[in-house]
Amino acid sequence: MKEEDSASPPVAEEEDDFGYRLFPDRNKKPQSFLARSFFTFHNRCQVMLRMTLETNPYAQLLLEAMKQSGCTVFNDRHFACEDCDGCVSGGFDSATSQIVLCQNNIRQQSHMNRVVTHELIHAFDHCRAHVDWFKNVKHLACSEIRAANLSGDCTLMNEIARFKFGLKGHHQTCVRDRAIRSILAVRKVSKETAQKAVDEVFDACFNDLEPFGRIPHSKADAKRAYRDFQNRDRYNANL
């Protein structure tokens, strides 16, 4: 599950390692705290992660929604800062229910915010639905569409930064393209297979806006969505 560079690592076999090649640290023994403390990338990753979880409305809404769904997220248990392949920024490892953050590739807080949000959407989908990440490419396509649509990956400013200036239907085009790229990054399937999977589920998954209730095109939108989500919970509690 890729964020541009974010992917979802999964279980290995000869023909298809399901993207684990992008996350070499997944197969290594954990380093001691003392050893990790000497690595600036790891420290910076932890600090930026903490900032995202405490201040970013996209992440805060998703964390609250997962808690409401019975899947409380714990910083130490469900996030791992690791070195990754040069092309990825993060991924969701469904086998361990962990979000991998690529400490060697995430350099800015805004990037961390986007990666954490993207991967939390995959984690939310994993929590609320019986997603077959490894054998059903349509399930993967649906979550990739939702992650690209709701995480801020395809905001106009991000697209301009990528030198993509199309306006008409720009958001939908960006979501579709990024979902296809994400599938191709972690599955050994043809481009035609990835495109077909995305096209077949696009309308339903693009219009599935849970838990945001709207497409958050900006941080202000995300804040409003977070307030609405909190008020919805309070309303439901009084029924």
Kindly indicate whether the side chain of [X], heavy atoms from C-beta on, has any atom under 4.5 Å from the side chain of [Y].
| X | Y | answer |
| --- | --- | --- |
| Q108 | M48 | no |
| C174 | D153 | no |
| K196 | E192 | no |
| I145 | R176 | no |
| C84 | V100 | yes |
| I215 | N149 | yes |
| F212 | L62 | yes |
| M112 | C45 | yes |

Is it the case that the side chain of [X] and the backbone of [Y] share a donor-acceptor pair, with hydrogens and angles ignored and the cut-off at 3.5 Å?
| X | Y | result |
| --- | --- | --- |
| E144 | I180 | no |
| D93 | Q98 | no |
| N105 | D85 | yes |
| Y58 | S218 | yes |

Shared hydrophobic cluster, L63 / V47 (ILVMFWY, side-chain heavy atoms < 4.5 Å)
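Unlinked, L63 and V47 end up in two clusters.
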
Does one hydrophobic cluster hold both M51 and L53, with members joined at side-chain heavy-atom distances below 4.5 Å?
no

Using 4.0 Å as the upper bound for N to carboxylate O, is an ion pair formed by R128 and D208?
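Salt bridge present between D208 and R128.
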
For [X] and [Y], which heavy atoms make the closest approach, and how far apart are they?
| X | Y | value |
| --- | --- | --- |
| H122 | S143 | ND1-OG, 2.7 Å |
| A123 | I99 | CB-CD1, 4.4 Å |
| A65 | F229 | CA-CZ, 3.5 Å |

Point-to-point distance, once rounded to the nearest 0.5 Å, from [atom1] of [X] to [atom2] of [Y]:
| X | Y | atom1 | atom2 | result |
| --- | --- | --- | --- | --- |
| R44 | N104 | CZ | CG | 9.0 Å |
| Q103 | N43 | CD | CG | 9.0 Å |
| C154 | D177 | SG | CG | 8.5 Å |
| L101 | Q46 | CG | CD | 8.5 Å |
| L61 | M66 | CG | CE | 12.5 Å |
| R107 | F41 | CZ | CZ | 4.5 Å |

Please assess Q195 against I183 for the test side chain to side chain contact (heavy atoms under 4.5 Å, CB included), listing each intermediate value before the final yes or no.
CA-CA 9 Å; Q195 289 173 333; I183 294 169; over 6 Å; no

Is there a side chain to side chain contact (heavy atoms under 4.5 Å, CB included) between I121 and F92? Walk through the geometry before answering.
CA-CA 9 Å; I121 291 168; F92 175 64; over 6 Å; no

We want to know whether E64 and Q68 form a side-chain donor-acceptor pair, criterion being a heavy-atom distance below 3.5 angstrom.
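Per modelled atom types, E64 and Q68 side chains form a pair under 3.5 Å.
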
For the residue pair H126 / W133, report whether a side-chain donor-acceptor contact shorter than 3.5 Å exists.
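W133 vs H126: donor-acceptor pair found between side chains.
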
Residues that F202 engages under ring-ring contact (aromatic ring centres under 6.0 Å, His included), provided they are two or more places apart:
F206

For Q109 and T52, what are the C-alpha separation, side-chain angles and deciding distance, and is it a side chain to side chain contact (heavy atoms under 4.5 Å, CB included)?
CA-CA 8 Å; Q109 187 65 51; T52 296; 2.9 Å; yes

Positive for side-chain contact (heavy atoms from CB on, under 4.5 Å) with S151, one of L120, T117, V116
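Among L120, T117, V116, the one that satisfies the side-chain contact (heavy atoms from CB on, under 4.5 Å) with S151 is T117.
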
Non-neighbouring partners of N136 that pass side-chain contact (heavy atoms from CB on, under 4.5 Å), sequence neighbours left out:
D132, K138, H139

Aromatic rings F74 and H78: how do their planes relate, parallel, tilted or perpendicular, breaks at 30° and 60°?
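Rings of F74 and H78: parallel, as their planes differ by under 30°.
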
